[in-house]
Structure formats: C-alpha cells, structure tokens
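Numbering of ligands and ligand atoms starts at 1, following listing order.
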Amino acid sequence: MSNATDRLRIAVQKSGRLAEPSLALLRRAGLVFRSSRDHLFLYGENMPVDVLLVRDDDIPGLLVEGSCELGIVGRNVLTEQRLAAADSGGAAELLSLGFGGCRLAIAVPQGSAIGEPADLAGLRIATSYPALLADWLRENGVSADIVVLNGSVEIAPRLGKADAICDLVSTGATLAANRLRELVTVFESEAVLAAAPGILTPAKAALAGQLAARIAGALSGDGVRLLMLQAPRAMLPAIERMLPSRETPSVLSLDGRPDDVALQALCTVALDWQHLEALKRLGARGLMVLHVERMLA
Ligand code: ATP
Ligand code: MG
C-alpha cells in the first residue's frame, strides 16, 4: 500500500511511553489536529499533514512500505528492525528528539556469579531485541544463546527460561524489583524522527523538510535561555567572558548613553543565580532571563 495523496503522513505510537510526548512535539512544531471517530488517525487542520496512531513496532514497516513518510519511534525499534531485515534500505533516522531515553542492557540475577560479559559464554539470554543483542555479542566475541520473548522478559530467569536478560532500562527500578543486576549496556536509545526510504514527490519532500526543520526549531529552544542586560561598555569584555553563551551576543547602543550598552545572548540553562549575581557585580543592570519558545536559523 502506498500513500498516493498529497498529504504527508506521520506515524506515532497510539498509546505508551512515546505517545504523549510525540504529539506534544508535533503541536510545538505548529500542527493543529482533529481526531477521527475511531481515534486511529489525526487530521491536520492547518497543514496537509496527518498522524497515524499505531503500535510502535509497526512504524518502521509502515515507513519501508511507503504507507507513511515520517514516523516517531525509539531508535531501539528502528535499529532492531533494520538489523533483522539485514538490508541497508530501511527507514532513515533524521533527528534525535530528546525524549524516550533508555538503554538496552544485559542484566543477571543479583546472586549470580556472572561478573563480566565474557562470563555469558554458553548461557541463555532472554530478549525482545534479538538482532541488537546478536550484533553486540558478535562485536564483543561472546557466544551465547538468544531466547526470544515478546513480553515479561524480566521474569525469564526466575522461570528457568534464561540465565540473563537483555531488556530496556531507564531508571533500573524494574530490574531491582525483579532482583536483577545490570551488567552492561548493549545499545543507547531515545525517540527519533525517522523517514521513509523511498523517493517522495517534490511536494511531499518539501513538506517533510519543512516539518523536520520546525521540529528541530522547537527542540533547539529546549535548554536555551535568552539573557538580556544593560552594562557599562567598558565592562563588556569581562561580561562576555562570563556567559555560558552559544554564540556571539548582540550588543546594542543606547540612545543618549554612549558609555552603556544593551546585550542579548542565547545561553544554555547553566545560566544560574550565581552567574547573574557575578554579572551584576561587574556592573550589569536590568538582568532578565527569558525562556526560548522556538528558533529558526
Ligand atoms: P506498543 O503497544 O506501541 O507496542 P510498547 O509496549 O512496545 O508499546 P512502550 O513500553 O510504550 O512500548 O515503549 C515505547 C518505547 O519507549 C520503547 O521502544 C523505548 O524506545 C522507549 N522507552 C523509554 N524508556 C523505556 C523503558 N524503561 N522501558 C521500555 N521502553 C522505554
Ligand atoms: Mg511495541
């Protein structure tokens, strides 16, 4: 099935950890949606972009077969399916999105004698990510048996089905609750914007590019603050040295006050009270730190 209309389709997880943050990001990129009656589809009201709500595992396949042009999915799912298909023409990763962070890690029962990856040789490891695990085992020269399970991987050791597991971890609370100890990280993941490998029509390619740029613009404001202040011109070099600044600040002259300047600088969130107090000691006045909503380079 290919998507023949001129509307762009973006696949997003229907419910689960990525569902809400994915839609929130699309809204921050300026999209306004109306929900369909079956709640499987969101119709874009202000741009020809629609959202398909699906299981996250289906997203790479929808991109490869051309049913959707873009998708928001964990890098773990995207890479697992690309490795499993063993072809280089899979969906491409366009942008890291800064949410859904987790790691695929091997864990062993707390009382186990396994102390390093080499100790896994000849043992059984349960996972829902056999291709990523096989890749890691091969690269690290460990020969172990992979037991594929599609859920409840963390109880496999207690059931006697495996000696270790390889599963997604964020805080580690689930591992602790199941009396498992993390041994080694196999793969680092977060949500990514992924694109169909096929050739898009020029109109769709332009739309996909515009949306990706808007998403990048919404993300680039994360962790960025705009600092505004006024200061004696003579103190400018000292003030500029103190800024956790991303680029050269803008310096403006003030009418009728030739010895003073106004300064605007994009800074990282590392700009804290200590910075402001130190700037004030250098003679800065009217200090203001503003949240940056979005940026377009
Ligand atoms: P679906 O019904 O869509 O298949 P799911 O159960 O496979 O849902 P979720 O548990 O919602 O998926 O996880 C979706 C993604 O969230 C994971 O693939 C991963 O990229 C990310 N993630 C972040 N933290 C964790 C975590 N602690 N455990 C599992 N996934 C996590
Ligand atoms: Mg899933």
Side-chain angles (χ1 to χ4, degrees), residues 9-26 33 35-36 38-42 50-65 67-68 70-85 90-108 125-136 146-158 162 164-195 215 219 222:
R9 282 190 184 165
I10 174 160
V12 163
Q13 190 187 29
K14 180 174 163 58
S15 66
R17 293 170 204 265
L18 305 182
E20 264 314 306
S22 299
L23 289 182
L25 180 61
L26 293 176
F33 303 112
S35 181
S36 67
D38 54 14
H39 301 297
L40 296 176
F41 191 80
L42 300 175
D50 301 324
V51 176
L52 218 58
L53 300 170
V54 297
R55 289 202 50 193
D56 67 344
D57 316 69
D58 293 337
I59 294 176
L62 289 166
L63 293 170
V64 169
E65 71 187 29
S67 303
C68 291
L70 295 174
I72 296 180
V73 65
R75 182 181 294 131
N76 51 310
V77 171
L78 194 66
T79 310
E80 172 69 23
Q81 295 199 19
R82 189 189 308 132
L83 290 174
E93 188 178 316
L94 294 186
L95 283 178
S96 297
L97 301 178
F99 61 87
C102 59
R103 55 196 183 276
L104 187 65
I106 296 178
V108 298
I125 309 174
T127 190
S128 309
Y129 293 90
L132 282 169
L133 175 58
D135 203 52
W136 185 89
I146 298 176
V147 179
V148 181
L149 292 181
N150 284 320
S152 305
V153 170
E154 64 280 358
I155 61 169
R158 259 185 294 154
I165 67 162
C166 175
D167 204 4
L168 296 174
V169 183
S170 46
T171 60
T174 307
L175 292 184
N178 287 282
R179 306 184 55 76
L180 295 166
R181 163 168 60 84
E182 204 168 328
L183 187 68
V184 63
T185 295
V186 164
F187 189 78
E188 301 270 4
S189 185
E190 69 184 293
V192 300
L193 181 69
I215 290 173
L219 292 172
D222 286 355

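- Between atom CG of residue L104 and atom CG of residue N76 there is a gap of 7.0 Å, rounded to the nearest 0.5 Å.
- The nearest N/O/S atom of D57 to the Mg ion (ligand 2) is OD1.
- Here the CG atom belonging to L133 is positioned 11.0 Å from the CD1 atom belonging to I165, to the nearest 0.5 angstrom.
- Remark: R9 CZ to L42 CG distance equals 12.5 Å, nearest 0.5 Å.
- In summary, of the residues considered (L175, V108, D167), a side-chain contact (heavy atoms from CB on, under 4.5 Å) with E182 occurs for L175 alone.
- Taking the N/O/S atoms of D56 in turn, the shortest distance to the Mg ion (ligand 2) belongs to OD1.
- Atom CG of L53 sits about 9.5 Å away from atom CZ of F41, to the nearest 0.5 Å.
- Sorted by chain then number, the residues whose non-hydrogen atoms approach ligand 1 to under 4.0 Å are Q13, S15, G16, R17, L18, R55, D56, D57, G74, N76, V77, G100, G101, C102, Y129, L168, S170.
- Of the candidates I10, I59, L26, L70 forms a side-chain contact (heavy atoms from CB on, under 4.5 Å) with just one, namely I10.
- For the atom pair CG (D56) and NZ (K14), the distance works out to 13.5 Å, reported to the nearest 0.5 Å.
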